[in-house]
Structures are given as structure tokens and as C-alpha cells.
Amino acid sequence: MSSSRSRRVEYDRFIPFRSAMDMDYARFALTRPSRPQRDGSRESPSSVAYQKLLDDCILKNRSRILAFKTAPEAPASKLPQFDEPIRPQKKQQRRIPKEPERVLVIRGLLDDNVLNLLDWGSNNVLAIGLEDAVYLWDAANESTKLLQPAEDRGPITCIRWSPDCAVLAVAYGNSDLALIDPATGHVVDGMEDENQAPVLSLAWRSNSILTVGRFDGTVVDYDFRKDDMFICFYNGHRRGVCSLKWSGLSGRYLASGGHDKLVHIWDACMPVSRHRPRQRQWLHRISSHTSIVKAVDWCPTRSNLLASGGGCNDHCVKFWNTINGACLNSIDAGSEVCALLWDKNKSELLTSHGSPNNQLTLWNYPSMTRVAEVSGHSSRVLSLAGSPLGGVVASAAADETVRFWNIFETPKITKPELPFARFNVIR
């Protein structure tokens, strides 16, 4: 009688045993593609889920083909059944509140669509121009401050924070322009010239160079570091310039809109004439609007995209390619477009309107579908200003209220990456 040891088969650890191998699995493992697709295409979620189910139930998560000891386990006899096909999860739509999160009642707001009386600086302080003062609201601690200018200067026509928020530029109805220190309320610089037309719009090109648009159609650059502050003159508008915006990404292009229903695009790098070394000529002149153009803004995510909105007889929002001056799209908004503002982090555009609804409309670009529409003002919404932190937008209307809307998508705060965070071991 032979012992059990003699009946046991001994295998060599270097020579695989064929009868212990699963030949079907070996053929599948050798013939299936193991490299990613070269065309860059990705597998669908259903294909990924099917492959995981196949590995778990049939292949038993095996990775070896050769067998040296025991035969592989028998494959599963039953597979789990699914009543519904596997679908990718839908992205949850963000909810936009219909009511403002805060309302400030500000007495003294002028009902004039050509004035620019609202600006939210990078210091998170909202400046509101009143008839005879500047109201400052600090969003960080909700404190307020009132800057009282000198008397007999006329109503305030425009305000604008400098990029570093060291000064606040304030223009008055008597053509004066003052740079005010917000901490002390004192005037640190400015201009006084009774022969000049009143200022309607302001735009900082840098912390020291300010572009000024006046009621007579003149647009001038001033450098407050020099004794002779005048730099250059932009020749193009025939009537009041009520909107000025420098392109945010490059700072090279200037957009202006005015009472003459024109939009001009200027190139700061364009050479000037020898006969007129301080006069710049426009790059593109846009004359398709049929009413005053105060709503002008550059897209922060596309450097060559400009949006403009027409007044009470126009009702249109138009988009322009600033390289060739072509109109990319035109949408009838249904009412007067008083102001518009791009989201800094997403391709969405917010417009404010006049009668009959006095609403704020959020558009998705480039499809120009209405994402949301909120209302609450009882008069036309004259100005818009976005928070430097994103998410919240302030709107000022002729009903003497400033309302805060949580309408833009709040950007996600990413923690700074620590040095050598990608390395497990420092050698």
C-alpha cells in the first residue's frame, strides 16, 4: 500500500504546472489591450463599471497567468443583476436666491444713468457716490464711513478706486477731480479747471495713471506723478463719454461708450502720429447701438471679448471680437440695459435693467440662455459692482437702495501646496 506522500504531486517552483492553469483566463489576459487609448478618448462610466464587475466576479482580481501550486478557484456561477443601467451622476445645479441678502437704504442717490456712482475696491470696501458725499461700507466688519467733500463743487458724478485702493478718485459737477485718502478723508491730489467739461467716467490704467471721460466727448490720460499730468488724448467721441473700461488681462485695450451711441476700442500700443504725438486714434469704432451706451465690460476669461449694452431705445446686449471688431452675437434683453458685469471665475454675464421690471438677469455665455432673474428694486438699476471675493454683487438703483445679491458662483478656496508635498520621501 502506497503512502499518501507518494500520491501527492510535487511541483517545481520554476516550472509552471499546465493542468493547474486557467487557459481561458490566460488567453483573455494576453489578448486584452493593456495600454491606454492613443486618441485621447476616455471610457464611459458604464464601461468602467462593467470592467470592475468583470474583475470582481469572473476574474477574481487575478493578475498572474502561470500557476505553480494549486488550481485557480472556480468562477462565480451567478452574477449580480441590475434593474437599471449605470448612469453618470448629474452635476447638482446651484441654487440662486431670489431675495437679496442685504439691503442698504442710501438717501441722496441721483437718478441719472450717465453717472458712475458705485465701485467695490480690492480692499473689500464698497464706495457709493451720493449727491454731496461718498458713503463707504466695509464688507469685512460692516462698518460705515462718510466722506464729506468741499462745498460748492456740485454733485458727485463719478467715483473709482485705484487698483491698490490707496486713493479714491472722485469727480464733481464743477469739473474738479480729487484723489481722496479713504483713511483720513483728505485730498492728496487732484485737478481744478473750470474750463473743462464735467467728468462722467473714470478708469485706472495703473496706480498712478487715470483715464478720464468728460461730458464733451474728450478722453484723456493723466499721470499724477508728473508736474505736467497730461499724457495723451483719445479722439473719437462727439458727445459725453459715460463708460470707460481697461481690459483686465493685458491692460492694453480701452473700451469707451457714450451719449453718441458709439463704442470705441483703443489700443494703447498703437503708434501715434508725428504731427499729433499726444493724440491716439481709435482701433475700432462700433456704431450698431441705437441708444446711449453706458454698459461696457471686458470678459475676464477671454482677453479679446467685449460686451456692451444699449439704453432705453436699444435693449440689446452685443458681444465683440476686439481683434477684428466683428460682432459675435446680439441678444434682445427686452428692456433698457443700464449696466453689465462679468463673473470673474465663470462664463456668465449679469445685466441690470430698467422698466418695466427693473430686474437683474444672469446669462450663460456663449449660449446666452437665462440662468436666473431676480428683482426687488422699484426703479431702474443704475449700477453694478462685484465683490473682490466673488459671489456677491451689489446693485444701486434710483429707489435709493443698494441691494446685495448672492448670484455668482462662489470660487472654491484652495489651500497653498506645501513644499515637497508631491514627494513621499526626500532623498
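The analysis underlying the following values was restricted to heavy atoms, covering all of them including side chains, and did not include hydrogens, waters or symmetry mates. None of these values were measured; they are calculated from a predicted model. Residue numbers run from 1 in the order of the sequence given.
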**Prompt:** Can you find a side-chain donor-acceptor pair between K318 and S330 that sits under 3.5 Å?
**Reply:** yes
**Prompt:** So, for F404 and W137, is the gap between ring centers shorter than 6.0 Å?
**Reply:** yes
**side-chain hydrogen bond (donor to acceptor under 3.5 Å, both in side chains) between T322 and H284, worked out** = CA-CA 8 Å; T322 58; H284 299 295; over 6 Å; no
**Item:** S162 side-chain N/O to V167 backbone N/O, donor-acceptor pair under 3.5 Å
**Value:** yes
**Message:** We want to know whether H377 and S375 form a side-chain donor-acceptor pair, criterion being a heavy-atom distance below 3.5 angstrom.
**Reply:** no
**Request:** Determine whether V241 and L200 make a side-chain contact, defined as any pair of heavy atoms from C-beta on separated by less than 4.5 Å.
**Result:** no
**Item:** Interatomic spacing from OG in S291 to CG in D314 - rounded to 0.5 Å
**Value:** 6.0 Å
**Message:** Pair S347, R302 - check side-chain hydrogen bond (donor to acceptor under 3.5 Å, both in side chains), show working.
**Reply:** CA-CA 9 Å; S347 295; R302 296 174 173 86; 2.9 Å; yes
**Request:** Check whether any side-chain N or O of K294 sits under 3.5 Å from a backbone N or O of L382 as a donor-acceptor pair, and report yes or no.
**Result:** yes
**Prompt:** Taking all atoms of both residues into account, what is the closest heavy-atom pair of V296 and L340, and its distance?
**Reply:** C-CD1, 3.9 Å
**L341 CG to E348 CD distance, which is reported to the nearest 0.5 Å** = 11.5 Å
**Request:** Output yes when a side-chain donor or acceptor of N358 lies under 3.5 Å from a complementary backbone atom of R380, and no otherwise.
**Result:** yes
**Atom pair CH2/CD of W405 and E99 - distance to nearest 0.5 Å** = 6.5 Å
**Prompt:** For A127 and I159, which heavy atoms make the closest approach, and how far apart are they?
**Reply:** O-CD1, 3.3 Å
**Message:** Just so I know, are the side chains of T211 and V220 near enough to count as touching, which here means a heavy-atom distance under 4.5 Å?
**Reply:** no
**Prompt:** Is there a side-chain contact between L283 and W266, using heavy atoms and a 4.5 Å cut-off?
**Reply:** no
**Message:** What I want to check is whether the side chains of D221 and Y234 have a donor and an acceptor closer together than 3.5 Å.
**Reply:** yes
**Complete:** Shortest non-hydrogen pair, L362 vs R94, comes out as CD2-NH2, 3.4 Å
**Main-chain N/O of S143 paired with N141 side-chain donor or acceptor, under 3.5 Å** = yes
**Message:** Are the side chains of R403 and L104 in contact, using a 4.5 Å heavy-atom criterion?
**Reply:** no
**Asked** Do any N or O atoms from the side chain of E400 and from the backbone of G108 form a donor-acceptor pair under 3.5 angstrom?
**Response** yes
**Item:** T361 side chain vs T351 backbone, donor-acceptor pair below 3.5 Å
**Value:** no
**Request:** Indicate the ring-plane relationship of Y365 and F319, choosing parallel, tilted or perpendicular according to the 30° and 60° boundaries.
**Result:** tilted
**Message:** Please give me the minimum heavy-atom distance between A333 and H353, naming the atom from each residue.
**Reply:** CB-CE1, 3.4 Å
**Item:** Residues D267, R280: salt bridge by 4.0 Å N-O rule
**Value:** no
**Request:** Could you tell me whether D260 and R238 make a salt bridge, using a distance below 4.0 angstrom between a side-chain N and a carboxylate O?
**Result:** no
**Message:** For the backbone of G236 and the side chain of R285, can you confirm whether one donor and one acceptor N or O come within less than 3.5 Å of each other?
**Reply:** yes
**Prompt:** Do Y172 and T157 come close enough that some side-chain heavy atom pair is under 4.5 Å?
**Reply:** no
**Item:** With sequence neighbours excluded, residues passing ring pair (Phe, Tyr, Trp, His ring centres under 6.0 Å) with F224
**Value:** none
**Request:** Test side-chain hydrogen bond (donor to acceptor under 3.5 Å, both in side chains) on H315 and D332 and set out the steps.
**Result:** CA-CA 6 Å; H315 303 174; D332 188 351; 4.6 Å; no
**Asked** Does a donor on one side chain and an acceptor on the other come within less than 3.5 Å for W161 and S122?
**Response** no
**L136 versus P182, closest heavy-atom pair with distance** = CD1-CB, 4.3 Å
**Request:** Look at the side chain of K145 and the backbone N and O of A183, then say whether any donor-acceptor pair between them is shorter than 3.5 Å.
**Result:** yes
**Item:** C338 and S352: CA distance, side-chain angles, deciding distance, side chain to side chain contact (heavy atoms under 4.5 Å, CB included) verdict
**Value:** CA-CA 6 Å; C338 302; S352 67; 3.9 Å; yes
**Worked verdict on I156 versus L117 for side chain to side chain contact (heavy atoms under 4.5 Å, CB included)** = CA-CA 8 Å; I156 295 175; L117 303 175; 4.2 Å; yes
**Message:** If the threshold is 4.0 Å, N to carboxylate O, is there a salt bridge linking E192 and R153?
**Reply:** yes
**Prompt:** Any chance the side chains of W363 and T369 put a donor and an acceptor closer than 3.5 Å?
**Reply:** no
**Request:** Please test W120 against S387 for side-chain hydrogen bond (donor to acceptor under 3.5 Å, both in side chains), starting from the C-alpha separation and ending with a verdict.
**Result:** CA-CA 6 Å; W120 205 330; S387 168; 4.9 Å; no
**Item:** L384 to V381 - nearest heavy-atom pair and separation
**Value:** CD2-CG1, 4.4 Å
**Item:** Heavy-atom side-chain proximity of I286 to S308 below 4.5 angstrom
**Value:** no
**Asked** Is it true that the NZ or CZ of R205 lies under 6.0 Å from the centre of W246's six-membered ring and within 45 degrees of the ring axis?
**Response** yes
**Close side-chain approach of L202 and L177, heavy atoms under 4.5 Å** = yes
**Item:** Salt-bridge criterion met for R102 and E142 (N-O under 4.0 Å)
**Value:** yes
**Item:** Sidechain-backbone polar pair: K98 side chain, E373 backbone, donor-acceptor under 3.5 Å
**Value:** yes
**Under-4.0 Å salt bridge between R214 and D216** = no
**Request:** Look only at the side chain of D297 and the backbone of W342, and say whether a donor-acceptor pair between them is shorter than 3.5 Å.
**Result:** yes
**Request:** Return yes if a side-chain donor-acceptor contact under 3.5 Å exists between E336 and N113, otherwise no.
**Result:** yes
**Request:** Please report the C-alpha distance between R225 and D223 in whole Å, then the side-chain angles of each, then the deciding distance to 0.1 Å, and finally whether the salt bridge (Lys or Arg N to Asp or Glu O under 4.0 Å) criterion is met.
**Result:** CA-CA 6 Å; R225 298 169 297 182; D223 191 343; 2.9 Å; yes
**Request:** Answer yes or no: is there a side-chain heavy-atom contact under 4.5 Å between L306 and V263?
**Result:** yes
**Side-chain ion pair, E409 and R95, N-O less than 4.0 Å** = no
